[in-house]
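Computed from a predicted model, the values in this text were never measured in an experiment.
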Amino acid sequence: MPHISFRTAGESHGPALVALIEGVPAGLPLLAADVDDQLRRRQQGYGRGRRMVIETDRVEFLAGVRAGETFGSPVAMLVRNRDWANWEAIMDPAPRPEDDTPEGRKRQVTRVRPGHADLTGLLKFDRDDARDILERASARETTARVAAGAVARRLLAEFGVRIGSHLVHLGGVDAAAPAELPEDLNAAADASPLRCLDAAAEQAMIARIDEAKKAGDTLGGICEVVVTGLPVGLGAHVSWDRKLDGRLAQAICSIPAVKGVEMGMGFATARAKGSEVHDPIEPAPGSVRTGNVRRRTNRAGGLEGGMTTGEPLVLKVAMKPIATLMRPLGTVDTRTGAPADAAAERSDVTAVPAMGVIAEAMTALVLADAFAEKFGGDSLAEMRRNHDAYLARVAERLG
């Protein structure tokens with residue numbers, strides 16, 4: 001069964017991050033600008049730290065792209081860390097003389113941060129310096145995910161699929177939902193410093209961010225991801241690991257600091273009656289992507305039985321406040337076992353707007369894999385033929 005999969009490598013302050021995506025069909029038009037645009041979106045947002053000024057992410061294709069097209073090989077991409085020169089002595093892969101001294105390398109982390117991977121990773125991997133953990137656990141790794149996701153969304157765009165997101169909550173402030181989302185959701189959201197469609201709520205959120213920054217604190221929030229143009233029938237009900245809702249939940253919850261994902265009504269379904277949850281179906285001749293029917297509502301968020309319905313896919317993603325605080329919480333020093341204040345790495349007050357972009361990327365990767373699974377093909381042309389033949393058959397049903 002064809003699949004699209006990806007891997008990333010690299011550390012937060014290492015020389016570069018690497019993304020490798022396999023299974024992309026040959027013949028997909030792909031330029032560095034397609035990836036760079038998504039990398040730029042990931043770096044935006046009010047409340048970000050100084051690193052967003054230091055880094056201007058650009059992709060370099062290492063393999064899998066020639067003359068502006070994929071050709072069936074794994075696509076390998078590299079994004080350099082511009083700050084590497086300031087960290088080379090700390091992150092040098094080769095042994096250094098100071099490694100054998102009592103002090104060791106600079107910037108060691110033994111005052112582990114509550115809420116981060118520092119302590120559990122240090123114990124699990126039997127390390128003395130939690131930098132060996134936090135460098136990979138850092139959300140900087142999501143740069144490579146966004147690069148891979150840009151390739152996936154470029155593939156989906158060939159089939160009319162659009163993926164967008166916007167911020168709906170931050171730091172205790174809810175954004176009012178518009179009566180209808182803009183057709184180009186990302187163009188509207190990206191014009192806002194918080195990627196929020198409610199200008200009044202955004203000003204309140206900015207005030208909360210400013211207050212949190214003064215207090216040395218951080219804030220979490222919620223983004224909504226919306227996907228349009230999907231055909232009915234991606235995913236499957238037949239096995240647990242093929243259900244699309246489960247695949248999406250795993251991918252989204254793998255994003256650093258994400259602690260929850262809802263599909264459609266989500267948790268609200270548990271507090272409502274069945275008549276208030278399920279979506280009535282009615283004929284809609286000519287609506288081929290949904291099987292010549294439509295749902296009067298979309299409370300299911302475009303998923304039923306682990307498969308797409310053809311209605312918009314709607315996810316809400318919750319991110320906790322970032323674990324690095326400028327006024328640190330209490331912890332222990334793992335070198336001495338004594339109480340201490342946690343270490344403070346350079347960090348953001350909030351990264352919820354960027355999290356929405358990362359959630360888009362992870363959604364794109366799952367959906368591209370589901371496309372490959374359903375429509376197969378070694379080339380884009382073959383995948384398109386399979387896709388079009390499937391929709392032609394769907395058009396014959398209930399037509």
Determine yes or no for a side-chain-to-main-chain donor-acceptor pair under 3.5 angstrom, with [X] supplying the side chain and [Y] the backbone.
X      : Y      : value
Glu276 : Lys273 : yes
Thr290 : Gly310 : no
Ser192 : Leu194 : yes
Ser287 : Ala284 : no
Asn81  : Ser12  : yes
Asp99  : Arg96  : yes
Arg299 : His278 : yes
Arg111 : Thr331 : no
Arg397 : Asn292 : no
Asp198 : Ala177 : no

- Query: Is there any side chain to side chain donor-acceptor pair (under 3.5 Å) pair reaching into residues 168-180, and which pairs are they, with sequence neighbours excluded?
  - Reply: His169-Asp174

- Determine which pairs satisfy side chain to side chain donor-acceptor pair (under 3.5 Å) with at least one residue from residues 303-314, sequence neighbours left out, and list them in order. Arg295-Glu304

Salt bridge check: are [X] and [Y] linked by an N-O gap of less than 4.0 Å?
X      : Y      : value
Glu224 : Lys316 : yes
Arg40  : Asp37  : yes
Arg80  : Asp57  : no
Lys106 : Glu98  : no
Asp190 : Arg195 : yes
Glu382 : Arg385 : no

So, [X] versus [Y]: side-chain donor-acceptor pair below 3.5 Å or not?
X      : Y      : answer
Tyr46  : Asp348 : no
Arg208 : Thr350 : no
Thr324 : Arg113 : yes
Gln108 : Arg131 : no
Arg162 : Asn186 : no

Residues in side chain to side chain contact (heavy atoms under 4.5 Å, CB included) contact with [X], at least two apart in sequence or another chain:
X      : value
Leu329 : Pro114, Leu325
Arg296 : Pro280, Glu282, Arg294
Met307 : His237

Tell me the closest heavy-atom pair linking [X] and [Y], and the distance in Å.
X      : Y      : value
Ala137 : His116 : CB-CE1, 3.9 Å
Val225 : Ala359 : CG2-CB, 3.8 Å
Cys253 : Val261 : SG-CG1, 3.9 Å
Pro321 : Gly220 : CG-N, 3.6 Å
Leu391 : Pro231 : CD2-CB, 4.0 Å
Ala16  : Leu78  : CB-CG, 3.9 Å

Measure the [atom1]-[atom2] distance between [X] and [Y] for me, rounded to the nearest 0.5 Å.
X      : Y      : atom1 : atom2 : answer
Leu365 : Ile4   : CG    : CD1   : 8.5 Å
Leu167 : Leu197 : CG    : CG    : 9.0 Å
Arg289 : Thr228 : CZ    : OG1   : 9.0 Å

- Other residues, nucleotides, ligands: >12 heavy atoms within 6.0 Å of Asp388 CG: yes

- Item | Crowding at CG, Asp128 (>12 non-hydrogen neighbours, <6.0 Å) | no

Just wondering, do [Y] and [X] contact through their side chains at under 4.5 Å, heavy atoms?
X      : Y      : value
Glu262 : Phe267 : yes
Val226 : Ser165 : no
Val258 : Ile252 : yes
Val79  : Arg58  : no
Phe125 : Ile133 : yes

- Go through Arg140 and Thr143 one step at a time and tell me if the side chain to side chain donor-acceptor pair (under 3.5 Å) criterion holds. CA-CA 6 Å; Arg140 177 68 182 155; Thr143 303; 3.2 Å; yes

- Message: Let me check something: do Leu17 and Met362 share a hydrophobic cluster, defined by ILVMFWY side-chain heavy atoms less than 4.5 Å apart, either directly or through other members?
- Response: no

- Query: For the hydrophobic clusters of this structure (ILVMFWY residues joined by side-chain heavy atoms under 4.5 Å, transitively), does one cluster hold both Leu313 and Leu185?
  - Reply: no

- Task: Decide side chain to side chain donor-acceptor pair (under 3.5 Å) for Thr8 and Arg136; before the verdict, give the C-alpha distance in whole Å, the side-chain angles of both, and the deciding distance to 0.1 Å.
- Result: CA-CA 10 Å; Thr8 72; Arg136 180 62 180 169; 2.9 Å; yes

- Task: Using the ring pair (Phe, Tyr, Trp, His ring centres under 6.0 Å) rule, collect all pairs that involve residues 137-163, keeping only residues at least two apart or in two chains.
- Result: Phe159-Phe371, Phe159-His387

